[in-house]
Amino acid sequence: MTWQQFLVLGLLAALVALLIQGKLRPALLFSGAVLITYLSGLADINAVVAGYTNSALLTLVLLLLVSLAVEKTRIMSWFANLVGTGSFNKVLVKVWFSTAFLSAFVNNTAVVASMLGAVKRNPNHAPSRLLLPMCFAATFGGVLTLIGTSTNLIVNSFLIKMGAPPLGMFDFFMVGAGTLLTGLVAVLLFARHLPEQDTEMSRESGYFLEAKVGAGSPLAGRSVKENGLRSLKSLYLAEIIRGEQVICPVQPEHELHEGDVLLFCGDVESVGVLQEMKGLDLYGQHRLNGQHLVEVIVSHSSRLVGQTIKDAEFRTHFDAVVLAVRRGETQLTGGLGQIELHAGDTLLLAPGPQFARNKSLGREFVVVSGLEASTRLDGKRSAAVVLGFLGVLALSVFDLVPLFKGLLLMLVALLLTRILTLDEIRRRFPLDIWLVVGGALAIADQLEKSGLAKLIADWLMGEFNGASPIIAFIGIYVFTLVLTELMSNNAAAALAFPMGYQLALSMDVSTMPFILAVLFGASSSFILPYGYQTNLMVYAAGNYKMPDYLKLALPVSLAYSLGVIVMVPLLFPF
């Protein structure tokens, strides 16, 4: 082995060890590895820059930015409202396919986060028996299309780097559809064994929010429990104000009437949950249209101290709507507009375009900070964003407009219409993904140029000596599966792809089965709840314990793997 190969191998081994250890961020590790290749003279500046400016990587970044607008739409809540009724199996099937469909085109985390509240509000079936299947459905849906998950686009960027033809939008759809069906069988057989957890929220300090039961609301005439208001994620119904009457504490059997004012305690995400509930008007609802939320703390010197939100004419003076108030551990009571503000109160705001230009912000508030949450767009703007996004995808599928150009045009339109702002893009820019993928591409380039990738492939050939390509294919799939349980799916794909691709070339067989082994293997993180962020989200939300989690995770993982191992060689012969 040459010194270049020794250096790259050492970097690769250290990278894998540190990624598994999990103490340092993958973005930092990959960037550090690239820096070492440059400082050691192994890579020149052009090779380094090429990794970070790869066209597939830039397309991925644009896709994630445009997805910020899709997250603000009501498409997820539209779907969630359609899947809540029927027998357990019927609801399970509807949740499975609707979540998978959304995840085929929208970021998995956004889909799970948006569906979470609606699933937990299901009045007929225990949320703990639906949340985990919903989470796994998002993973299955992510491998239906090229844009279903960032991992697919990472694999595609490696292909382009190798000079091979890129993957099409639906090139592996049939494989994904096959795994979706095998996964559904496992879910139908084993989801009933999940525990029926009590997900009722306890009262805790948090934001104080107000909503009103509108005229003709479907919530009126039904009890709190029937409306699913006892199982809201991070949200507790504290009081009902009915004219001069205050109902506190609220019991599950209390019936709601038109005009009732409901007072909730909850977190930042509660704004989106309440905004999506049909027949419930959130305080300041008419002013909400996709704004990025802002949190402020009332200063001791503020003129607002001692005034109620209504009397202070907050919207007129600051071009912002107060959505919620928090006062330390103190439980607030009464209507939101009637709360007398104190120094130190935290206000959750939906700002207008003039808010940031207000020169009195520094005097009135101690802290002004943006949050990773936003209000929902209204129906018309939601429809426009969804139709625009689908139009960009359709133009790309039919080779009329390249995906990169279509996404760039849509991003410009979103900025011009203020559906997205530059501040939101700055806050939510996928820097970690860009650094990981760009770094992985640069390292893969050194694996290729130094000859180490071929050396590893030849070693693997020796290990698989006399074995059929199907055995080698299964070996690469299992290798990637193990990696993705130990580290992030993007990092697993970045490390496994060069080995799988070179192994296919060494065996003189089609590279496509091995490409798909990496692509599907990197998205197979089911077994460990902390292996993937959506797993962790529902693990906490459903109050699962590890034995409960494994009751479904192990069968689903086996069903997914069986679907991949059978479908890939069948549809893409060696």
Side-chain angles (χ1 to χ4, degrees), residues 47 49-67 104-105 107 141-177 389-411 430 433-434 436-445 447-448 453 473 476 480 489-490 492-505 509-523 564 567-568 571-574:
V49 171
Y52 293 100
T53 56
N54 179 276
S55 60
L57 173 56
L58 295 179
T59 300
L60 168 60
V61 170
L62 273 180
L63 181 65
L64 293 174
L65 293 177
V66 169
S67 293
F105 301 100
N107 180 272
V143 290
L144 289 173
T145 67
L146 180 62
I147 64 168
T149 178
S150 59
T151 310
N152 302 349
L153 288 163
I154 288 170
V155 170
N156 195 44
S157 64
F158 275 104
L159 274 176
I160 294 171
K161 182 79 173 177
M162 297 289 187
L167 295 168
M169 183 71 72
F170 298 104
D171 277 2
F172 45 90
F173 175 82
M174 293 306 297
V175 178
F389 186 63
L390 293 177
V392 167
L393 297 183
L395 291 172
S396 171
V397 168
F398 293 108
D399 292 325
L400 297 175
V401 176
L403 184 58
F404 180 86
K405 185 180 289 187
L407 290 171
L408 183 59
L409 289 171
M410 185 169 181
L411 183 61
I433 289 179
W434 183 61
V436 167
V437 180
L441 288 169
I443 292 169
D445 188 50
L447 273 169
E448 188 71 26
F473 159 77
I476 289 296
T480 312
N489 53 343
N490 292 335
L495 294 173
F497 179 87
M499 299 168 193
Y501 191 80
Q502 282 297 329
L503 180 59
L505 294 178
V509 295
S510 171
T511 58
M512 193 61 176
F514 291 83
I515 292 166
L516 295 182
V518 173
L519 186 146
F520 281 89
S523 291
V564 172
M567 295 293 293
V568 170
L571 296 174
F572 299 93
F574 296 98

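Residue numbers run from 1 in the order of the sequence given.
A donor-acceptor pair is defined here as one N or O able to donate and one able to accept, closer than 3.5 Å; such a pair exists between the side chain of T145 and the backbone of A104. Of the possible donor and acceptor atoms, none in the side chain of S396 sits under 3.5 Å from a partner among the backbone N and O of V392. Judged by distance alone, the side chain of N152 and the main-chain N or O of G142 form a donor-acceptor pair under 3.5 Å.
In this structure, P573 and S510 approach most closely via the heavy-atom pair O-CB, 3.7 Å. Across every non-hydrogen atom of W434 and V61, the tightest pair is CD1-CG2, 4.0 Å. Shortest non-hydrogen contact noted between L153 and I147 is CD1-CA, 4.4 Å. When all heavy atoms of T53 and L58 are compared, the closest pair comes out as O-CD1, 3.7 Å. Scanning both residues, L167 and N156, for their nearest heavy atoms gives N-OD1, 2.7 Å.
Between P166 and L159, the closest side-chain pair of non-hydrogen atoms is not below 4.5 Å. Contact annotation: the side chain of F497 never approaches that of T480 to less than 4.5 Å [non-hydrogen atoms, C-beta and beyond]. In this structure the side chain of V564 never reaches within 4.5 angstrom of the side chain of V143, judged on heavy atoms. For the pair L146 and D171, the minimum side-chain heavy-atom distance is 4.5 Å or more.
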